[in-house]
Amino acid sequence: MSRSKVEGAEDLVEALAKEVDGTRINIPFEVDVDGNSSDEGEEAVDGEGGDGGEKSKKKKKKKKKSKSKKTPVIKPNQGRIPEEIPPPPPESPEATSKWDKEIVKGTKTYNLPAWGLLDDRARPILNIFRTPSCKKIELITPRLRLRQCEVGDLTGVRRIKMEPIVQKTQLYGSPSISDIKDSFLNRYIRSRDEYIFAITALNPSQLKVQDPGHVRISNRISNGEGYLGNIALSLTYPSASPSFLPTKGKIYTQPTFERTHNAKLEGKLFYEIHPQLWGQGIMSEAFEEVLRFGMEEVGCDSIASDPTTGNEASIHLCTKNGLTFSHTTNNMYNKPQLFHRITKEEWWKRNRPDKGVEDRWGGKEVCRWCMNFRLAPPTIQCKYCQWAKYCSRECQKADWVRNGGHQSECDLEEAP
Ligand SMILES: [Zn+2]
Ligand SMILES: [Zn+2]
């Protein structure tokens, strides 16, 4: 996927036109709908990110003086890999027979429509595909809960994407509302080749919502509740590399670091946050944790970010976290991007100096639908084949009723 976005092919239109079936989309393009990493989290203000003028400069100075920890001392990442989530209790015989009746040959399958996903008609289908385990992946930092996006986040997404102050720092420019709606659902709700986290506050009153200044009235926020921004880790690898998605006839396992290394798996970070929350290190906190997640849990071989020229805040975020500048790329928006990257070795050395690289999840059996590797190994198995395993019935059903899903690949015929 990297190919497209590096060149700036991340055109919104292209993204939306991308084929969309029920789920397992290898979204090379849509990945970038919300474009380049830019955000500026805090620092846009703090760092000068282009806008803000006088006011932000003053702020910046003040901050620099009072912050003695801005010295280039490397503080190892404090994030931790959580305990594995235990398996669900055994199923009751009643539940088993109920599910067995739903998961039979000939069950109707669904595609999610590429357009109009917000229609009430599509909602129940979306709910089948987004299982409880799909929604479960989240990251916790001292002040934040990075959770999966929900349909209800759309208003929050719009407030940021429609805001000119934010748009200046992003590649995508000024999308229309309907573009946002559709790309939101395509990417945020259903993508499987990237992790997109909604940024929310653990304690909303703890965050300082700044005066709106020039933020458009319709885009203003008055508190730190709900969706505040997002940060995505998009997985890319050369097209010649084998896919990491579940394949027919094989029990799905979490890719080992060895495999991700051979495949040159690279994560790319994209992020943005509401401008009234800039200047308090929120994005910095999220960035650090998603970087850790990508390295320590997903097993990326490298992670990159390519802020647009002049987005000092975002550039600072990169360098602060050990991503070093490698080259400038161009795109159709005529906003050169500064490509920054950190390798697996560099990250581990910086952040886990006392221990070598440890592959916590690699090689374990994982649900072939949600692919949530933090869950205990799957306990539900397809009764027609030996290799389709799931963490839950919801995941099994999702895979069964997806057009082109397990119902079409299962060894069903050979079953008694
Ligand atoms: Zn699952
Ligand atoms: Zn099967």
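Small disclaimer: the values here were computed from a predicted structure and weren't measured. Note that ligands are numbered from 1 as they come in the structure, with each ligand's atoms numbered from 1 the same way.
By the 6.0 Å contact criterion, CD on Gln206 is enclosed, its count of non-hydrogen atoms from other residues, nucleotides or ligands being greater than 12.
Atoms CZ and OG1, on Phe129 and Thr131 in that order, are 11.0 Å from each other to the nearest 0.5 Å.
Residue Cys134: no N/O/S atom is found under 2.8 Å from the Zn ion (ligand 1).
The SG atom of Cys391, the Zn ion (ligand 1) and the SG atom of Cys370 define an angle of 110° (nearest 10 degrees). Geometry at the Zn ion (ligand 2): SG/Cys385 and SG/Cys382 form an angle of 110°, nearest 10 degrees. Here the Zn ion (ligand 1) is the vertex; the SG atom in Cys367 and the SG atom in Cys395 give an angle of 110° (to 10°).
Heavy atoms only, all atoms of each residue included: Glu288 and Asn321 are closest at CG-OD1, 3.1 Å.
A side-chain donor from one of Asp411 and Trp387 sits under 3.5 Å from a side-chain acceptor of the other.
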